[in-house]
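We name chains A, B, ... by the order of the sequence lines, and we start the count at 1 in each one.
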Amino acid sequence: MDVPTTHHQRIALIDGNSFYCSCERVMRPGLEGKPLVVLSNNDGCAIARTQEAKDLGIKMGAPWFKICHLADTHGLVALSANFALYGDMSHRMMNIIGQFAPRQEIYSIDESFLDLTGVPGSGRDIGTAIRTRIRQWIGIPTCVGIGPTKTLAKLANHLAKKIPRLQGVCDLAQLDDTRRLRALAHVPIEDVWGVGRRLAPQLRELGIATAADLACADIRVIRDKFSVVLAKTAEELAGLPRLGWEELPAEKQQIMCSRSFGHPVQHANDLFEALSVFTARAAERLRAQESVTGAIYVFARTSFFRNDPPYSGSIVVPLARTTDDTRAMLDAVRQGLKRVFRPGFNYAKAGVCLLDIEPLNRANRQLSLFEPLPGAKAGKNASKIMQTIDGINQRYGKSTLVPASTLHDHDTVWAMKQERKTPAYTTDWGQIVEIRR
DNA sequence: TCTGGGGTCCTAGGACCC
DNA sequence: TCTGGGGTCCTAGGACCC
């Protein structure tokens, strides 16, 4: 019998170190070497930290009001999240990575898998070349992990970050099974991709305390006691590929848009105003992937953290027919809000989620009586108006054209708090870096 | 004053069918 | 007393990810 050891894959995972913070540092080199955090929307909590900030004991998700004293005592700098900048830097980084191999899967804003199978050169050499080029061309520091499966590439990346001696590149693919297992024995189970804070203690109870333990565990036991998902993880750790490649970004099955408010909101009008903005944004993303939605989830709730009377309301509003038209969605959201809204509460957050998404041109899509068939010329995209609006907004800026329900003659109560935001340096000519005035 | 905003996949259980 | 068995579809909720 053939032992399937010949066609080993070699997969790299490249990711940006403290990505959001690194993006900010590229634009403001004075931040180099300083403890820096990037805050979530509303400047609520830390969602990215530089090593210096981690060294101060700042945890992922730490609320800003609990760590802000470090600004005075230790020179901690905090910036509001600038997603336009991060998205653009991400795009540039992914393009560079894609130059090193024919097959790439962009996994998140700062992470990319790359198929190095058959690419000439040692893992260390390729990894170093990738790091160097990204650092030179766009200024972002990265780490590279390489392994025979995606899960092992993830784990290798983790080691590349943790062990300075590796200089940012860790290649587990060139180790034999025994030596690889020895490396895995040093990785605590909670650091494994796919093992979260629920599963980790349960696994430890069974005596599975490291990545090596899980790699050696009985797959059937893992599947029966836990799930097929964790069983896949275990097999991947053992070197058997169980996760495939998704080179094209999958179309979204749900599109969510929600925000916590800068200030609590009491009135239905203000809530609808906010929901209108969210709906317009979600609808734009829906049209960008050429899909239609069949139902909209609408929710509004008070804060979990304040001592307000708690309330959380939500409803799914089915649409009579699928649509990509913002106006139809706004009608549904208005109905939904009517059902969900209770007076007398301090609303802290609200949002919409487009559900039952399907391709615009799917042949058997439910049509309304008067809608032209998908193939018919005029009906190819039923809402020309929407296309036009999206085009104008793309060209002249995000909110050039908005639904009237998002407009108002008073201050926006619900607007996000973003007191420390840096300019959109790379995506808006008006905000480009000035060297000297 | 003050704690983000997205997503995915899987499973269990109920409704319903023959 | 006894009251099948197998299948599908849908939904809510849980777990995970960044």
Self-check item: Touch class at under 4.0 angstrom, heavy-atom based, for A/Arg223 against every strand present
Solution: nothing
Quiz item: Given A/Glu419 and A/Ser80, is the side chain to side chain donor-acceptor pair (under 3.5 Å) satisfied, shown in steps?
Solution: CA-CA 7 Å; A/Glu419 292 169 350; A/Ser80 303; over 6 Å; no
Quiz item: Should we count NZ of A/Lys150 as having more than 12 external heavy atoms under 6.0 Å?
Solution: yes
Exercise. Please check if atom CD in A/Gln167 has more than 12 non-hydrogen atoms from other residues, nucleotides or ligands closer than 6.0 Å.
Key: no
Quiz item: First and last nucleotide of DNA chain B touching chain A, 5' to 3', heavy-atom cut-off 4.0 Å?
Solution: B/dC2 to B/dT11
Exercise. Convert the base pairs of DNA chain B into dot-bracket notation, remembering that pairs crossing earlier ones are written with [ ] and that bases paired across to another strand are shown as |; include only Watson-Crick or G-U pairs under 3.5 Å.
Key: ....||||||||||||||
Practice problem: Give one of base, sugar-phosphate or nothing for A/Phe304, where a contact means two heavy atoms less than 4.0 Å apart. | Solution: nothing
Exercise. Would you indicate what A/Val316 reaches in the nucleic acid, counting non-hydrogen atoms under 4.0 angstrom: base, sugar-phosphate, or nothing?
Key: nothing
Practice problem: Determine the contact category for A/Leu199: base if any of its heavy atoms lies under 4.0 Å from a base atom, sugar-phosphate if only primed atoms, P, OP1 or OP2 are that close, otherwise nothing. | Solution: sugar-phosphate
Exercise. Tell me which of A/Phe226 and A/Cys353 sits closer to the 5' end of DNA chain B, going by the nucleotide each one is nearest to.
Key: A/Cys353
Quiz item: Looking at the rings of A/Tyr107 and A/Trp245, which for Trp means the six-membered one, are their centres under 6.0 Å apart?
Solution: no
Exercise. Begin from the C-alpha positions of A/Thr117 and A/Gln9 and carry the test side chain to side chain donor-acceptor pair (under 3.5 Å) through to its verdict.
Key: CA-CA 5 Å; A/Thr117 316; A/Gln9 287 192 88; 4.7 Å; no
Self-check item: Interface residues of residues 237-255 of chain A with DNA chain B (non-hydrogen, below 4.0 angstrom)
Solution: A/Lys252, A/Gln253, A/Gln254, A/Ile255
Practice problem: Classify the nucleic acid contact of A/Cys257 as base, sugar-phosphate or nothing, counting any heavy atom under 4.0 Å across all strands shown. | Solution: sugar-phosphate
